[in-house]
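In what follows, a single structure is set out as structure tokens and then discussed.
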Protein chains: 2
Amino acid sequence: MTNTIPWELYRSLLAVLQEGSLSAAARALDLTQPTVGRHISALEAALGQTLFTRSQAGLLPTDAALALRPHAEAMHSTAAALERMAHGLGSEARGPVRISASEIVGVEVLPPLLAPLRDRYPHLEIELLLSNRVQDLVLREADIAVRMTPPQQDVLLAARVDDAVIGLYAHERYLQQHGTPTTLEALAGHALIGFDTETPFLRSAAQRFSLWQRANFAWRSDNDLAQRALLRAGAGIGVCQTRLVQPGSGLVRLFAQEFALPLPTWVVMHADLRSSLRCKVVFDALVQGLRAGPAVG
Amino acid sequence: MTNTIPWELYRSLLAVLQEGSLSAAARALDLTQPTVGRHISALEAALGQTLFTRSQAGLLPTDAALALRPHAEAMHSTAAALERMAHGLGSEARGPVRISASEIVGVEVLPPLLAPLRDRYPHLEIELLLSNRVQDLVLREADIAVRMTPPQQDVLLAARVDDAVIGLYAHERYLQQHGTPTTLEALAGHALIGFDTETPFLRSAAQRFSLWQRANFAWRSDNDLAQRALLRAGAGIGVCQTRLVQPGSGLVRLFAQEFALPLPTWVVMHADLRSSLRCKVVFDALVQGLRAGPAVG
DNA sequence: TATTGGTCATGCAAAAAAGTATAGCCGCGG
DNA sequence: CCGCGGCTATACTTTTTTGCATGACCAATA
């Protein structure tokens with residue numbers, strides 16, 4: 001295998017896949033369209049595969065190109081992580097740190113923890129990558145992750161912090177109108193707010209609380225923020241992390257004994273990044289803050 | 001972040017780290033020494049970090065360069081995986097497939113399984129990556145892995161196959177000379193063959209068989225092949241996968257009831273690679289072969 | 001139907017990167 | 001102590017790559 005394919009070509013490949021045309025890719029890469037076109041041609045020649053079927057309305061990627069896309073994306077992630085790391089290797093905590101977390105944690109929990117940090121280290125740049133899909137730290141899409149699943153790779157540095165606790169809630173307004181259920185079974189008659197697509201975690205939760213299944217939900221959303229907005233609007237009964245419920249919000253906890261789902265929580269980082277002062281600073285702050293039991297802002 | 005650092009520079013960085021000098025890196029990359037030198041200079045300028053302290057006897061990498069090395073290696077792995085995948089995207093099973101497995105599995109189990117496969121698909125190229133360290137499939141160091149740990153990433157496609165079973169063995173010659181232990185406790189007086197460095201799996205094994213600890217071993221090696229060679233040479237009592245012991249080898253199983261450690265075994269592949277015919281072919285062959293209960297060759 | 005805004009392909013000049021050759025420095029061994 | 005083989009750094013030339021300008025094509029729209 002002559003390993004002489006310039007890596008630049010992969011970057012162009014990715015840009016064309018992302019942007020859909022040579023011209024758009026050229027704009028994104030700050031190159032010109034002929035250049036990107038030549039890159040693609042060179043790559044096709046080197047790989048012995050047709051990557052795009054040319055058309056004037058843009059390029060149509062072949063199956064081959066689509067199959068290669070994840071690899072190109074991985075290279076991009078890695079390159080970005082490399083730059084990120086290099087950007088603050090000095091003795092000062094400065095430069096970008098990417099944190100992956102769920103949307104609701106990123107919105108409600110992290111900001112009050114991180115704001116004072118930036119006061120101490122004004123040159124820190126915090127990037128929040130919020131999604132419920134578990135970001136792949138190994139692929140370097142993020143530097144630090146706040147996760148509800150146990151860390152799986154031994155190249156990762158993990159610190160367990162306080163469990164989040166999922167409780168069952170409803171707005172007092174809803175309870176006034178529809179009554180307060182007195183047994184778990186009675187929940188069946190209520191407007192339940194739940195998830196839309198099933199995940200492994202939800203499957204295991206459904207085993208403990210058999211009612212908690214998609215078919216029983218009057219409201220379905222995978223967006224935790226939307227679920228909480230529905231709760232606040234008095235739309236029905238749903239779940240929420242207990243630490244996110246502020247007193248005076250009108251939300252009432254139901255079945256506090258029977259319905260309490262602890263979520264083991266970890267802060268995870270690449271072991272590599274220990275040498276990066278700014279990552280370490282953020283990691284430590286997250287661990288400490290999440291152990292202190294943060295209040296909602 | 002001006003994301004305009006040419007990826008080529010990372011490749012040169014890696015080569016210099018691996019080879020230890022600009023000249024050697026240039027040879028490895030099939031470039032010239034001034035070119036590689038310019039690459040490093042450009043990278044240092046772009047990253048704002050000194051990567052090497054120049055000296056005439058070669059370059060000494062700074063901490064920064066060492067910190068960046070894993071990233072550069074990841075890019076290299078990914079690029080290689082991309083090429084590998086592209087190399088056989090056609091409708092035929094041809095091209096390279098990298099299989100990661102433990103040394104002993106790669107030596108004893110896989111060859112008889114894979115040999116007939118290459119008869120059917122003569123254009124397959126099989127690369128065996130044998131090490132006891134769990135290869136990171138996510139980093140694309142290999143396409144397929146035979147593992148004794150549960151698959152951890154959901155981007156991976158895994159098939160569980162027959163458990164390997166670890167048994168306790170000694171050569172009949174050894175037993176004639178030293179006697180056959182009748183109780184597990186009696187093992188303490190024998191020449192035990194065991195591991196050298198502790199791993200998580202070994203820690204858990206030691207809990208079940210308290211004798212199985214480093215301090216008690218007369219022979220220590222992390223190399224399973226060496227351990228088996230010691231067994232065969234009558235050096236003492238040690239463990240071995242039961243399926244690797246051929247009748248007539250002179251090895252006698254001890255405490256077959258009490259000492260039997262099943263090793264759950266998986267064949268794992270990137271989900272991506274399903275679209276790669278040659279990977280799928282090898283994957284299927286491994287799964288089928290490892291379910292049939294292979295005999296040792 | 002003619003125009004506009006988008007695409008890709010191609011010829012040619014300019015710029016950027018490569019290679020070549022050479023000089024200088026160091027350590028080692030006869 | 002001097003030559004040899006390793007290394008890096010620099011001036012210069014050559015090659016490669018890029019950018020620019022342009023032409024052709026298509027689709028949507030006035």
Side-chain angles (χ1 to χ4, degrees), chain A residues 2-47 49-66 68-69 72 75 79, chain B residues 2-66 68-69 72 75-76 79:
Chain A
T2 55
N3 196 7
T4 178
I5 299 180
W7 288 359
E8 291 306 309
L9 304 190
Y10 300 140
R11 169 190 259 169
S12 293
L13 167 67
L14 178 60
V16 174
L17 284 168
Q18 285 175 335
E19 305 290 333
S21 77
L22 295 183
S23 309
R27 282 191 294 271
L29 293 174
D30 204 20
L31 295 175
T32 58
Q33 166 261 317
T35 298
V36 178
R38 286 184 283 245
H39 282 182
I40 298 299
S41 303
L43 195 55
E44 288 179 325
L47 296 178
Q49 300 284 160
T50 302
L51 296 174
F52 296 92
T53 54
R54 264 72 168 179
S55 85
Q56 281 77 1
L59 301 198
L60 192 73
T62 64
D63 289 346
L66 293 176
L68 299 181
R69 177 169 186 162
M75 292 197 70
Chain B
T2 56
N3 194 8
T4 179
I5 299 181
W7 287 0
E8 292 305 307
L9 303 191
Y10 300 141
R11 169 190 260 171
S12 293
L13 168 65
L14 178 61
V16 174
L17 283 168
Q18 286 175 335
E19 305 290 333
S21 77
L22 296 182
S23 310
R27 283 192 294 272
L29 293 175
D30 202 22
L31 295 175
T32 59
Q33 167 260 318
T35 299
V36 178
R38 284 185 284 247
H39 282 183
I40 299 299
S41 301
L43 196 55
E44 287 179 325
L47 297 178
Q49 300 282 170
T50 303
L51 295 173
F52 297 92
T53 54
R54 265 74 169 179
S55 85
Q56 280 78 2
L59 301 197
L60 192 72
T62 63
D63 289 346
L66 294 175
L68 299 180
R69 176 169 187 165
M75 291 198 72
H76 176 78

If I compare all heavy atoms of [X] with all of [Y], which pair ends up nearest, and what's the gap?
| X | Y | answer |
| --- | --- | --- |
| Arg11(B) | Ile5(A) | NH2-O, 2.9 Å |
| Trp7(A) | Ala79(B) | NE1-CB, 3.4 Å |
| Ala64(A) | Thr50(A) | CB-O, 4.0 Å |

key: Where protein sits on nucleotides 15-23 of chain C, one letter per nucleotide: B base, S sugar-phosphate only, - none, heavy atoms under 4.0 Å   = ---BBBB--

request  = List for me each residue that meets side-chain hydrogen bond (donor to acceptor under 3.5 Å, both in side chains) alongside Glu44(B), sequence neighbours excluded, and say none if there are none.
outcome  =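 Listed in chain order: Arg54(B).
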
message = Going by side-chain hydrogen bond (donor to acceptor under 3.5 Å, both in side chains), name the residues that satisfy it together with Thr35(B), two or more places apart in sequence or in a different chain.
response =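 Counting only residues at least two positions away or on another chain, Thr35(B) forms a side-chain hydrogen bond (donor to acceptor under 3.5 Å, both in side chains) with Thr32(B).
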
ask   = How many angstroms lie between atom CD1 of Ile40(B) and atom CG of Leu51(B), to the nearest 0.5 angstrom?
value =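 Output value for this atom pair is 6.5 Å.
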
request  = Would you work out how much the helix from dT1(C)-dA30(D) to dG30(C)-dC1(D) bends between its ends, with each end axis defined by five base pairs, to 10 degrees?
outcome  =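 Nearest ten degrees gives 10° for this helix.
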
Between atom [atom1] in [X] and atom [atom2] in [N], what is the gap in whole Å?
| X | N | atom1 | atom2 | result |
| --- | --- | --- | --- | --- |
| Ile40(A) | dA9(C) | CD1 | P | 11 Å |
| Leu22(A) | dG19(D) | CG | P | 14 Å |
| Phe52(A) | dA9(C) | CZ | C1' | 17 Å |

message = If the condition is side-chain contact (heavy atoms from CB on, under 4.5 Å), which residues does Pro61(A) pass it with, not counting sequence neighbours?
response =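 In terms of side-chain contact (heavy atoms from CB on, under 4.5 Å), with neighbours along the sequence ignored, Pro61(A) is linked to Leu17(A), Phe52(A), Ala65(A), Leu66(A).
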
request  = Would you please name every residue forming a salt bridge (charged side-chain N to carboxylate O under 4.0 Å, His left out) with Arg38(B), sequence neighbours left out?
outcome  =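 Partners of Arg38(B) by the salt bridge (charged side-chain N to carboxylate O under 4.0 Å, His left out) criterion come out as none, since no residue qualifies.
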
task = Look at the side-chain N and O atoms of Arg54(B) and state whether any lies under 4.0 Å from the OP1 or OP2 oxygen of dA9(D).
result =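 Yes, because at least one side-chain N or O of Arg54(B) sits under 4.0 Å from OP1 or OP2 of dA9(D).
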
inquiry  = Can you tell me if Arg27(A) touches the phosphate of dT7(C), counting only side-chain N or O atoms and a distance under 4.0 Å to OP1 or OP2?
reply    =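 Yes, because at least one side-chain N or O of Arg27(A) sits under 4.0 Å from OP1 or OP2 of dT7(C).
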
